[in-house]
Each structure stands twice: as C-alpha cells, then as structure tokens.
K.L.:
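Submitted below is the structure of interest, expressed as structure tokens.
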Amino acid sequence: MKGLTVFIADLRKCRSHEDEEKRVNKELANIRTKFKEPSINGYNRKKYVCKLLYMSLLGYEVNFGHREAVELVDSTKYSEKQVGYLAVSLLMEDESEYLRAVVRALRRDMHDGSEWIVCLALNAISNIGSREMAEVLTSDIVVQLLSPAASMFIKKKAALCLLRLVRRFPEAVKAHQWVGRITPYLGHRDIGVTQSVASLMTALAQQYPEETRKAASFAVRRLKSLVIDNEYTLDYVYYKVPAPWLQIKLLRLLQYYPAPESSEARSTLLSILRHIIDVSQDVPRELQQMNAQYSILFEAINLGIHLDIDQGLMQECAVLLGRFITSRETNVRYLGLETMSHLAAYIDRLDSIKAYQGVIVQSLRDRDISVRRRALDLLYSMCDVENAKAIVSELLRHMAMADVALREEMALKVAILTEKFATEYGWYVDVMMRLVSLAGDHMGDEVWHRIVQVILGNEELQVYACKISLQTLKAPVCHESAFKVSAYVLGEFGHLIANAADSAPIDQLKALQSKMSSTSHSARAVALTTVGKFINLFPEIKTLCLRVLDRYRGALDAELQQRACEYYALGTLEGDELLPTVFEEMPPFPERQSALMSRLLKREANTEDQRTWVVGGREINRERRGVMSGAASNDSREAVEASAMPVPAASQTGGPAGGSTAAPKADAPAASSASELPTDPSVAKSMRNYARLLWENDGILFDGEEIQVGVMAQYKPPGGRIGVFLGNRATAPLYNISITARAADGTQLDIQPAAGQETEQIPESLMPLAQARVFFDVQCKHVFGAAPTLHIGYTVAGSAPTVSELQLPVTVGHFMDPVTISVADFFARWKQLGDSGIAESQHVLPSAFLTKDAAGLEWLRSVVGGMGFALIQGADPEPNNIVGVGIATTQAGRFGCLVRVEPKPAHGLTRVTLRATNAEVARSIGSNIKMVFESK
Amino acid sequence: MLSAVFIYNQKGEVLISRLYRHDVKRSVADVFRVHVISSPASVVRSPVTTLGSTSFFHIRYDNLWLCAVAKNNASAAMVFEFLYRLLGLGVSYFGRFDEEAVKNNFVLVYELLDEILDFGYPQNMEVDTLKLYVTTESVRSRNVVEAPAPQSITMQATGATTWRRNDIVYKKNEAFVDVIESVNLILSAKGTVLRADVQGQIVMRSFLSGMPECKFGLNDKLVLDRDPASGTIVNRSGSMRVSGGAPPPSRSMGTRAGGMGGVGDGESVEIADCQFHQCVRLGRFDTDRTISFIPPDGEFELMRYRTTENVNLPFKVLPVVRELGRSCVEYEVLIKSNFSAKLSATNMVVSIPTPPNATKCRIKVSGPGKAKYNPEENAIVWRISRFQGLQETSLTAVVDLAPMTKPTPWSRPPISLDFQVLMFTASGLLVRFLKVFERSNYQSVKWVRYMTKAGSYEIRI
C-alpha cells in the first residue's frame, strides 16, 4: 500500500501541528470523495480505511468510513478482512448501529472453514466485546471451544475470548449453561488450552462457585500429572520449571474452593504441595528459574493456608516464609511478608510466626515502601494479647519516621490493636494519647471519637484518663486531637480528680485556657462545651467560666459564637434546674462496630481477582468465610427454588434411588400450603414472618440474601389495599423485576394492581439497598380458604432469573371488624352457635411461652386483638381466658365470629375455640391462630 | 529588576545567556526550558510563569524565545516593553531577528545587552543613539573611522533628546506619514454589527536636518469641537502633500483631500487609547491635545490609537447558507464594496468555511475573482486581486456532503475576509497638518499615505 506509506511519511515530515492538520484535512476530503464513488475496489477501500485508522490513532476525529470498514469485514480476502476487523475494533463504539452487521459477519466467520478466519473473528470479538456479541455469539464461541475439529490454536483463543466476555458482561453470557461442559477441559492434554481454560475458570469460579465445583478435582488431577507424574512436553518448560504459569493458575483456582472432602483427594493435594515445597528447597542459580519456582511456591503456600488441612505443612510453610522475609531480594521479601500475613489470618497458633517478630519489625524500616506496607499488615495480623504491647510500642516508635502515606493506616491499626488487646486501662489511655499526639495530623476524627467513646463506656478508665488529660493540657506542646480528647474528658469527669493536688477546678480551667488560644475553631468549640460543663460541675469557678464564655460571645465563627452565647445564657439563668439537665453526664455510647474497623476495611481496593482473605486477624477471616459459605448454600437453594432442574438437584443429594421421592420435596417450599411446616430453616423463618403478618398489618414477609419483601396493608372490609415493598439486599443491582399477585380463586377473592398507580412504578433495575413498591387492591367477594400468592421475579447480575413465590398474608380473617357486645349477649350467641355444631373449630395448641411470665398472656391478647376481635373484658370467670367478637365482611355477606382462648400455663397448652356463622370462616381463622402459635 | 535575559531557539537551546544579578544561577535557563518550552503544546502558555520565587517573562518571535528573569516583583508591563524594545533593536540592527542572526552576531548581541541593561535596570534603548557606539563593524575599522568623541556620546545619552543627534543634515528635507489601520469586525448572521473597531498606527519617516520641532494635527473630535476655527490653520500651512500609490498624486492638504474616496468627509473622529512615541511631549498633549515633538531620524512609530465609534466598513457581505438535508449545503455570498469608486481593494481573500464532511464543491463566481475549494482548511477560498469601490460580486456554490456515522451538526464558523484598501481609513481619521519649525527655517516637503487592512473581519453565517 504505497499510498499509505506516502501519507504517513508526509505526516511525519510536517514540522508543526498546523501543517499536520492541513494534511489530514486534505486527506480526509480525498477519502470522502473516493468513498462516494460507487466503483471503489477492495484494495483501495482497504488502503483508505488504513489511512483513516492512522488518523484516528493520531487523535483526529473520524466520523465516516465505518460502513466501508464493515464492507471490508464482509470481504473474502484475508488481508481485507483483517483490516476490516482492525478498523471495526478501533473505530466503533459499543452502541454503534453498524455493530449488528459486524455481529452477523462474525457469526458467519466463526463457522468458516479456514482457521485463520475463525481466529480473526475471535480476536475481533475479544477486542470489541460488546454486549450484543456477548448475548448472541457466546454459544458459537463455546461450540468452537468444545468442537473436536477445532485446532488447539482456536480453542485457546476461544477460551480467552470467553474470558473477556465473562469479565465484561457476566450476566449476558449465561455462563451457567455451559460452564459445566468446559470444566473437563482443565484436563486437556494440550497445556496451552488448559492454561487458557484455567484463566477462564478462575474468573467463573468467583461467580459460580457451585456450578464450577467439579473444576477443583480436574485441577488437582492436572496438577498431579504436571508436578508429580511429569507429563508435559518440552515446549512448556521454562528454565527447567514445567509450565509455571499453568501451575500458578491452577493453584490459584483451587483457592476458590473449600478443601476436598474425600481423603484421597486431600492426600493427592497434600503430596502435590509437599512436592512443590521439596523442589524449592534447592535454590536455583538462574534468576528466571528462581522467579518461576518462587511464584509457584508462594501460590502453593497460599493454597496450603487456604485448605488448612495439615498442621505439619503449615509449620513447614512458616519456616520457609521465615527464610524468605530475610531474603536479600526485595520481591521475595515482599511476597514472603504478604503470604505470612495470609498465614497469620488462618493459623491457629501464632507461635511459629512470632519467632520472626524481630525480623518483621525490622522490615518496617525496609528501603521499599511496599515492603514496609506489607510488614505493617503482617504485624497487624499477627498481633494477639501476648505480643500486643510489644508490637504497639514498636509501631508507635516507628510512627515518627514512617512515610506520610503510611501513617494514617498505621495510626488506624494501632488504634484498633490497642483497643482490641488492651488488658490494662492505663496502657490503653497512655498509648492512645501518645498516638493522637504523634499522628494526629494524619488521621480522621474517628480515632479521637473512638477514644472518647471507650473512656465513656468504661468507668474504671475515667479517673486515670482525667489525670492524663490534665497532664496533656499542662504539657508545653499539645496536639489538637489530644486537646479535644482532654477537653472532653475533663468536661465529663473533671470532678473525679478535683480533690487531688494540682487538679483543682481552677487548675483545670487554667490548663484548658492556656491551650485554647492556639487551637483551631473545631477544637475551641469542644473546649467551650467543656467550660459550659465546668459551670455545672464546679459552681465555685462559675464567674471565671462565664468570663471565658463572654469573651467568645463576639467570636467571628458562627459555631463558637452560638455555643458561647447559649452556654453563657444557661450559666446566668435564674433558677438551677436547667443547667444540670443540659450538662448531665453523658451516658455510655451504645456498642456498635468500631468506626475504625469500617474505615480500615474501606481502604481495601477492588482488584480484578477477588482475594480469598483479608488482612487482619483470624476472627475477621472466619467471619468472612462463614458469610461466604452461607451465601453459597443460599444460592444453591434459590437455584432449586427456581425449579429449573429440580430432579437433578435432588438426585445429587439423595442419590439415584431417592430421586423419585426427592423431587416433590424439592418442590415443597413453593407449593407448601399454610398448614404444613417445612423443615428448611429459612423457609421456617419466612413462615414465621407470614404468621406474624396474620395479626399485624405491617412487617417483613420475606428476608433473603438478595431481596427483602415487606408488606403494608390497610383493610376496609370487604376491601383493602396491600403495599408490597421489594428491597435489594444483594450487592449488585437487580434487573427485570416483576411483582404480581394471584388469588387462588378469582371468584372468591379479587386481587389486582391498585388503580391510579402507573406500571412504571416498578423500575427496570434496582440498585443495592434501594426499594421498589407496588400496591394491590383486594376485594373479598366471598369467604375463601387459600391465601393469594405473590410472584417476584428478578435477575441478579450474573445469574439466571429468579422467581420467588410467596404467600401473601391475606385471609378471610383480615376482613374482620371488631364488634363490642355485652357479656350476656356473648354467651347467648356462643351457646346458639355451639348448638348448631357445624361452624366450630377447636385446637389445643402447645404453648411453652405461657409458663415463663405474664408477658405470654399479654402477647396472646395482642394476637387476638390484632386479628380483628373485640376483646370482652370479664366475660369469662377464669381471668386468664380471652374472649372476643368480630364480624368478617365479604361482598357476599357478613359473618359473625366468636373466639375463646383458654391458656393453661401449668400444662403449657392453650385451647382455642372458634364459633362462626360460616364454617369456612371458623376453619380459616382457626388455622391462622394455630400457625401463629406454632411459629411463636 | 531583571536578573537575567535569555534567548532560546525553537528547540529550547540557549543562544544567549546574560546574567545581571547574582540572585539567579545560570541553570535557571534549564528551568524555563523544562517548564515552558518543552511543556506540551496543548498547555496554554502564560507569558508570565512564576516558579517558586522566580518569574519568567517571555515572548516568542520568529523561531526565538526571548525570556527575562526576575526574582523580585518587577513590573510586568515594563518587562514586556523592554522585551519588545529588545526585539526592535534586533530587527533594526540585523534586518531579521532570528536564530541565524543571533548566532552570527552573538558578540554584538552581548554588547547590546551590556549596554541596555545595567544591574538589571533598563537604560537607553534608542536605536539611533546605540548605533553611535555599538556598531556592527569590526574593531579595526572602527578605529579607523573617526569615532564620535566620548564626550558627545555622553551628551547624547544624557541630554534632553536622547533619540536624536543634533548634527543631521539633509539636502532635501522630507517627511512621510503613513496612517495604517486594521479594522476588526464581527457581524451576526442577520447583518447586525456585534463588534467593530479600528486599530490604527501612524508611522513617520523623517529626513529632516537639524533639530526640527514638528506639530501634528488630526481631525480629532476633541480638538475640532473646542476650536472650530483651527481648520483654517491647514490652509496656512499649505505645504502638505498626499501620496497615494505610486506615483504620488501631489495634492495639497489645503484642498482637504477631497479626492480621497473614504477619507475626510469633514467629520471629526473620536480617538481613544492614544499611545505616543517617547519624543512626543505628553504635557502639551494633555493640556491642549496638540502633538508636538522633535522626531528621531528615519522611521519610527509616532502613535497608535483605537476607535470604536462610526467605523466605515469597507465591505458589506450578505451570505445565505442553506443546509439541504444531510447531503448538501448551498451558498450564496454577495459582497459589496462600500468606498469611493476611485479607490480599489487589493489582495482580497474571502474564506467561506464548509462543513467538515464536504466532498465536492460546484462553485460559480459572477464578478471579479476566482474561487476554489480548499480541503486543507475546510473552506472555499475566493481570491480577488483587485476590487473597485462601489462594485459588487457574488458567489454561488453547492457543496456535497458525505454521510457521517454519527451525525453531528455543523458548527457554522464565520466567513472571514482579508484585504487592503489604499487611501481609505475605516475610522475616518485624517491628517490635517504637519508643521515643521527649524532654526534655519528651511522648506520641507511632507507626504501622507492612508491604508486600511483587515484585522479579523468576520461575518457569521
């Protein structure tokens, strides 16, 4: 293409930017006229598209030529197709309308006979990676990956192409449909293919831990053949290490799964790890070999820590790591420290790590800042009650010299460690005061707030804290945060030390005043409050305090002025009730998660691959694991609920023999009627929610991992309005939300979306923590037995659509109004209804809660009242018994209903008798009460 | 005051480095290069860059960077005045002031820099004076040529008129006055004037003997309003000539230049922002607005001015631009000249912008001039070498557009004009008289020439 080279040479020759722009404009005009000619041939088209590409790469806007690029893609010549795909991937944006044509061409090329063309197509998909491609072409790519005819070359490209799409549009590729089929490729004989698939599986394993579960066994097998059986070709040996990248990827992949259950797999895995560790005992000469070997070794150690199956291995790892952290290589030191903090996060006994404490402290002074950072992480992770004092004092000593970038994190960590492992009060106060003085500039307000909270919460601390505070204020230099803490503490507890020498109220006030002038506005505001509190605490120095306040009444800062004026007014007020009330001692702060912790965790960056652990002690990692496995099991339950494949899911657990019997059981949660209680704990929980809503109008109906459903109801028998609230509890947005309700029998109950609300009220997507709501109007036409069902469908990013079926707490009992009648009337009706005999429902219910105290009876009363009965006082001779009257209103008629509840605390039983003018009403309300009892 | 002066070439290599004070090191030259010259072109360079406590003032000329360095709070206006004077010195010494000239004469440049700045304070920067003792000739020849006595140099450099020697003699005493105006205009698409102003410059070349005292009169509104009788002075002075093109149609100023198309229809002009050469006695100007001065020898810029009222626009442009769908744009541009038929505009260039996706232009011009599509500038360029007054010409064009992938509306940049009109002043300014008084009372001949150029003359479409 001579024209292209000439053009590029021309542009290179241009001396100034203006010249270049002129040349580009000229060429653009030329290309525009050329593209208008109908008879342009493929060669010229290719040439001009290349020129456009070059201009676009130089930063000029190219607003035409996309059509020509697409035409090139359709060409049969390889070189033209190549340029076409290149242009398409560089010039097109994701929403371009031409992409549709490109997708068509891609689909055709994907099934082309020539593998070169297939490769071009795969490359183009990876480069463009639009949503539409992910939706339309994923299946074709999977076919290429699985096809026995495709060459290794194509398989590799296909796997990597899928990886790109999975990363970009996890929800569009529907990975759960094909992930099972590609898992066996981890055992493919070609190492290149395995390596590509391993990358893909690592990405998928983070999203679909359940579906990819089998990958673990394949990975183990593959590792075994690679490490122990030495099955590899010479092409893949890198400086005497067989396929290091594949080994690392497989070891990493395995960290996303729990340890294998079968002892055979465990021992295989152990022998692999041991082999890797053994091999690394001899230090290689060559740098590259060392790098490869060490990376494998570190990954192996990480896996070993993650599996946590062999104590001996762990101790050995600790020894190895101890050697690494003293290594001369900076990278090895870094990795050693990082891996050791991983180890510290899981290992039960920290002794093996504590042996290296001196070395680690030394690393805080390393030349390399990232090594220093890791050393800090490790010290933080390995801290426990025994070594807390040593570590904290080391960190404090180091704080003065530490980099500014590191200081904030260091200060936070010191604060957390001190609080967590403090055994003596004095030590805590001393350390914290030193900390705020040393690093006050580098940390947020959380630290000093926390100190105050802790001091307020621990009475034993207060006297000592007061002494220290006064000392701090009297010291020649006092950091601002330290000043704030001291001022606050003295204001609260100054009276505790008022009788000690040199701590008289006047001394305290003077110390405060001496530092006040040199601090910022926010600190002065705290000090003013303290002065206000002094007026209350020490009436003897009231005039002095008022003088201080008076000086600030004219302060320019609005906050200071307001405080001074208000406190001054309080101090000079006649009568002495208000002042003590306002300045009453602060109550201890309620226990909550330390703000420090949340701040520290927020600092964790979001990287490409999820880490399987976080920096910190064992507790936090344990918690994390618990949450993760909980989420996994919950996912699987939902997958079963989605009833996409209930039978295989059941047969997996129950075995082939139990398959037929297990199937209905898997369906049970969806179809379970109100009377039978499934044993699944989460279903039991939702049953409890349901039962609660039988006697309360508002509340939570369903509380899952991803969604939370709340109900708010208002009844005006025979009608009512029900509001359904859908909250997103997942961390990703929900899509395709649908909320519908259906009555079991439309002739008895009418339920439909409330009039006057637009359909758009359900948003297309629901952000995490956001809420959507829908209202339904219900009309009770006749007495009905079964509650209506609520269907909530949604899609979470990266998984199949989920449909949850819930029972809406709408029963005939809800359409009941309380009626007050006299005692005599009640018994007359009771007898009358009892004689007919048909419309009676009686249950004897176990009620253990009654034995405890009177609260049980109270609860019982509120349940009966909440169900719409008017309670009639003193009707029954037995004072504990409850009787009530209500009328259920339907469009077909009104039905009176009487209830009598006879609790027998001595036996832990309650008899509930219902009599109504309609048998169905009595039965329905009876079963409602029964359910409420059962779920109590 | 100034601590150093540097001259760089385009690449940022230091050509001249002269330090005047000890508060900066020679290496500050690198600081400026790194922070200003080498910074990417996309960054807008401020003429004043302050790095730490050091300020760098720079101007660019041709392929040179002139940079002055000050440590203290120097007056920026003064520093730039100094830099431009330095530039003027260079031009007058070397003809062209560029890298080549600096490299060939760097001894002379250092000599000049020694002379014009002392301990960072600017000294005498008059070309004429400097040329007395800072000469381009070699050392040997200067010894042979009778050098002016040091005493006379001192007299000259410290006397009342530092800009003129007192021993100048001409056989024929002549003075040429050029009034050069550039007119700036922005016209809206509907034809209303959004901005119109004239920036003028009066350049004088004097070849007068002795120490002549000159008086100069314009049709300044303030003067004329105050003294309506002053018009008669013109008749008395009577010896002013007007030079149009070549050959100059010698015409007395007394006729009030009646033949000069656009100039001087008796109106007075409101002049704003006058700025004079240092030879003009400002005290006199402030009291009675008379411009009196002893001119330097040779060419100098007597004054600059600006007017914003009553601007005579030399051309009217009536553009009609229609975008027909997305495939084509139609142009109809009509230009009328708005000055006397006896005058003519030369070197006229009309640049009519086209959309960035234009492919083919079919252009028809009825009237003088030729037009063609110039894709490099995305414009139709219409050149008219000579355009008489009170004439009109028009252009129609149809521009085909290529389809765009992402249709973006055309920004419709304005049409711009470039031209020169002799013997026409857009402001209406007129030289009423120039009187020369000398002790020997010789007769002098005076010539006046007017020219109007286009500044940024833009019509929105």
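This is a predicted model, so every value here is computed, not measured. Below, each value reflects all heavy atoms present in this structure, side chains not excepted, and no hydrogens, waters or symmetry copies. Here is how names work: the chains are called A, B, and so on, in the same order as the sequence lines, proteins then strands, and each is numbered from 1.
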K.L.:
Do other residues, nucleotides or ligands put more than 12 heavy atoms under 6.0 Å from A:Tyr43 OH?
P.N.:
yes
K.L.:
With a strict 4.5 Å heavy-atom criterion, list every residue of residues 403-412 of chain B that contacts chain A, or say none.
P.N.:
B:Pro403, B:Met404, B:Thr405, B:Lys406, B:Thr408
K.L.:
Tell me the residues of residues 124-131 of chain A whose non-hydrogen atoms fall below 4.5 Å from those of chain B, in number order.
P.N.:
none
K.L.:
Assess whether atom CD of B:Glu100 is packed by more than 12 heavy atoms of other residues, nucleotides or ligands within 6.0 Å.
P.N.:
no
K.L.:
Pick one of side chain, backbone, both or neither for A:Phe35, based on which atoms fall under 4.5 Å of a heavy atom in chain B.
P.N.:
neither
K.L.:
Taking salt bridge (Lys or Arg N to Asp or Glu O under 4.0 Å) as the cut-off, I'd like each qualifying pair that reaches into residues 355-369 of chain B, sequence neighbours left out, listed once.
P.N.:
B:Arg362-B:Asp400
K.L.:
Are there over 12 heavy-atom neighbours, none belonging to A:Leu556, within less than 6.0 Å of that residue's CG?
P.N.:
no
K.L.:
Can you confirm whether A:Arg108 is buried at CZ, in the sense that more than 12 heavy atoms of other residues, nucleotides or ligands lie under 6.0 Å from that atom?
P.N.:
yes
K.L.:
Identify the heavy atoms of B:Ala358 and A:Arg32 that sit nearest to each other, and give their distance.
P.N.:
O-NE, 2.6 Å
K.L.:
Under the salt bridge (charged side-chain N to carboxylate O under 4.0 Å, His left out) test, which residues partner B:Glu13, sequence neighbours left out?
P.N.:
none
K.L.:
Would you say A:Arg23 has more than 12 foreign heavy atoms packed within less than 6.0 Å of its CZ?
P.N.:
yes
K.L.:
Assess whether atom OH of A:Tyr78 is packed by more than 12 heavy atoms of other residues, nucleotides or ligands within 6.0 Å.
P.N.:
yes
K.L.:
Would you compute the distance between atom OG1 of B:Thr359 and atom CD of A:Glu37 and round it to the nearest 0.5 angstrom?
P.N.:
10.5 Å
K.L.:
Quick check on B:Arg326: does its CZ atom have over 12 non-hydrogen neighbours (other residues, nucleotides or ligands) under 6.0 Å away?
P.N.:
no
K.L.:
Kindly compute the distance separating CG (B:Asn374) from NZ (A:Lys22), expressed to the nearest 0.5 Å.
P.N.:
8.0 Å
K.L.:
Any sub-3.5 Å donor-acceptor pair from A:Lys36's side-chain atoms to B:Leu401's backbone N or O?
P.N.:
yes
K.L.:
Roughly how far apart are B:Glu376 CD and A:Asp19 CG, rounded to 0.5 Å?
P.N.:
9.5 Å
